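Input: a single structure, listed below in structure tokens.
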Amino acid sequence: MDKQMNYGSDYKYIPATSKESGSGIEVLPDLYNYTVQIVNIHMIGDPKTSDFVLVDAGMPHSAKDIISAVEKRFGTDSRPKAIILTHGHFDHVGAIIELVEHWQIPVYAHELEMPYLTGERSYPKPDPSVEGGMVAKMSPMFPNEPINLGNNVKPLPADGSVPYLPEFKWIHTPGHTPGQIALFRENDRALVAGDAFVTVKQESLYKVITQEQEISGPPKYLTTDWKAAKESVIKLASLKPTVAVTGHGLPMSGELLKKNLKTLAENFDDMAKPEHGKYVN
């Protein structure tokens, strides 16, 4: 493994958390949602075996928490086959270097995310001017410089397959970032949505803390292409998922998911797109 990995110079602990932090939910027998401060990671695989992957890598300085959660579910000294990244924002890669070093496993992401994961390019700066609440106003303090995973990160296969998850396909869902992806399993219509849509109003500190459930578009302060973001939500709604885990908020399923995701897709501009902001056309 490449030892020359590093975070950006702005990497730091973010003092924000929710009441769900440190807790997990078994959404399906092989799909586990675990909350790290204000973001979710997902473990996909049968806990009776060691054959599983981790989706996303939490907040900065959360590696010990994530390793503990993985070992609690899969057993002492267990490790995933790989880490799949929905995208590379700081709250989805916050512990990734420590996890790669600890487990000695590969990371996979969309080809268009690679510059942000190999030290080449920073994401556009957060936009604190969007309406929504205190988290949006706090966003300029969030780490924004690229991390460098060197040759430990690989592009996802172009055919839509997901390494070590033969029943899943990855789906390109740009808008929040250029290379954001979701994961979808056709046989039970399970969806891992990343931040294409979330189930909490992520801009509001109160709602982040309380985890009040409501379907919402991608976090406004870090979304830069609202046309693509809308198309991504429409694409995911057309899959008619029966259960969804997202980057932020509680899992959603059944009629509640179906109704709310359809409503979001049909009313995206009113429900999700900010009225103003530097990335709003």
Side-chain angles (χ1 to χ4, degrees), residues 1-17 21-22 32 34-45 50 52-74 76-123 125-126 139 141-156 162-164 170 176-181 183 192 194-195 222 247-248:
M1 305 293 281
D2 185 349
K3 298 301 183 184
Q4 302 304 311
M5 295 185 289
N6 56 77
Y7 294 110
S9 64
D10 59 351
Y11 176 83
K12 59 182 176 293
Y13 174 78
I14 300 298
T17 194
S21 182
Y32 191 74
Y34 184 79
T35 304
V36 181
Q37 292 180 247
I38 60 172
V39 72
N40 298 321
I41 61 172
H42 315 292
M43 304 170 206
I44 304 178
S50 60
F52 69 101
V53 305
L54 180 69
V55 179
D56 288 339
M59 296 284 282
H61 300 291
S62 64
K64 287 184 179 179
D65 182 19
I66 293 172
I67 292 167
S68 176
V70 165
E71 293 191 350
K72 184 176 181 180
R73 181 154 176 85
F74 290 94
T76 303
D77 295 329
S78 59
R79 63 178 182 175
K81 299 291 187 182
I83 299 172
I84 311 294
L85 293 178
T86 62
H87 61 295
H89 279 156
F90 79 97
D91 51 343
H92 294 257
V93 301
I96 194 148
I97 291 177
E98 293 85 352
L99 296 179
V100 168
E101 289 177 340
H102 180 76
W103 286 323
Q104 298 290 293
I105 58 173
V107 179
Y108 293 90
H110 192 278
E111 181 72 41
L112 293 177
E113 291 296 283
M114 298 298 280
Y116 311 106
L117 301 170
T118 54
E120 297 172 32
R121 188 184 308 164
S122 296
Y123 286 110
K125 291 184 178 181
S139 62
M141 71 180 284
F142 296 160
N144 189 58
E145 293 181 11
I147 66 170
N148 186 1
L149 297 176
N151 63 13
N152 298 301
V153 61
K154 308 173 188 300
L156 284 160
V162 183
Y164 306 104
W170 65 261
H176 187 55
T177 71
Q180 181 175 241
I181 61 156
L183 304 178
V192 180
D195 283 0
L222 283 173
H248 305 274

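From a predicted model like this one, the values you see are computed outputs, not experimental measurements.
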Item to complete: Measure the CG-CG distance between L112 and L156 for me, rounded to the nearest 0.5 Å.
Response: 11.0 Å
Fill in: 4.5 Å side-chain heavy-atom contact, L183 and V162
yes
Worksheet item: Are the aromatic rings of H92 and H248 close, with centres under 6.0 Å apart?
Response: yes
Item to complete: Over all heavy atoms of both residues, which pair between R79 and I105 is shortest? Give the atoms and the distance, please.
Response: CD-CG2, 4.4 Å
Discussion item. Under a 3.5 Å cutoff, is there a donor and acceptor pairing between the side chains of E145 and S9?
Written reply: yes
Worksheet item: Looking at CE of M59 and OH of Y13, how far apart are the two atoms once the value is rounded to the nearest 0.5 Å?
Response: 7.5 Å
Discussion item. Are V39 and D56 packed together at the side-chain level, in the sense that at least one heavy-atom pair is separated by less than 4.5 angstrom?
Written reply: no
Worksheet item: Do the non-hydrogen side-chain atoms of V107 and I96 ever get within less than 4.5 Å of each other?
Response: yes
Worksheet, complete the sentence: Between A95 and A63, the two heavy atoms sitting closest are CB-N, 3.5 Å
Discussion item. Nearest 0.5 angstrom please: W170 CH2 to I84 CD1, how far?
Written reply: 11.5 Å
Discussion item. Atom NZ of residue position K12 - does it have more than 12 heavy atoms of other residues, nucleotides or ligands inside 6.0 Å?
Written reply: yes
Worksheet entry | Side-chain heavy-atom pair Q180, H110 within 4.5 angstrom cut-off | no
Fill in: Least distance between heavy atoms, I14 atom then M141 atom
CD1-O, 4.0 Å
Fill in: Test side chain to side chain contact (heavy atoms under 4.5 Å, CB included) applied to Y34 and H42, step by step
CA-CA 6 Å; Y34 184 79; H42 315 292; over 6 Å; no
Practice prompt. Name the orientation class of the two ring planes belonging to H89 and H87 (parallel below 30°, tilted from 30 to 60°, perpendicular beyond 60°).
Written response: perpendicular
Discussion item. Return the CD1 to CG distance between I41 and D91, rounded to the nearest 0.5 Å.
Written reply: 12.5 Å
Discussion item. Using modelled atom types and a 3.5 Å cut-off, is there a donor and acceptor pairing between side-chain atoms of Y11 and backbone atoms of H61?
Written reply: yes
Fill in: Atom pair CG/CE of L85 and M114 - distance to nearest 0.5 Å
10.0 Å
Worksheet entry | Between E113 and Y108: side-chain donor-acceptor atoms closer than 3.5 Å | no
Fill in: Minimum side-chain heavy-atom gap S78-E71 below 4.5 Å
yes
Item to complete: Using modelled atom types only, decide if a donor and an acceptor are shared between the side chain of N152 and the backbone of L149 within a distance under 3.5 Å.
Response: yes
Fill in: Residue pair I66, V36: steps toward the side chain to side chain contact (heavy atoms under 4.5 Å, CB included) verdict
CA-CA 8 Å; I66 293 172; V36 181; 4.0 Å; yes
Practice prompt. Evaluate the side-chain proximity of I147 to F90: yes if any heavy-atom separation is below 4.5 Å, no if none is.
Written response: no
Discussion item. Could you report the tightest heavy-atom contact between P106 and K154, atom names first, then the distance?
Written reply: CB-CE, 4.0 Å
Discussion item. Testing the basics here: between P178 and Y116, what is the closest heavy-atom pair and its distance to 0.1 Å?
Written reply: CG-OH, 3.6 Å
Discussion item. Measuring from atom CH2 of W103 to atom CD1 of I67, what distance do you get when rounded to the nearest 0.5 angstrom?
Written reply: 5.5 Å
Fill in: Test item: S139 and L222 side chains (from C-beta on) under 4.5 Å apart, heavy atoms
no
Fill in: Donor on one side chain, acceptor on other, Y7 and N148, under 3.5 Å
no
Discussion item. Checking N144 against S122: is there a side-chain donor and acceptor pair closer than 3.5 Å?
Written reply: no
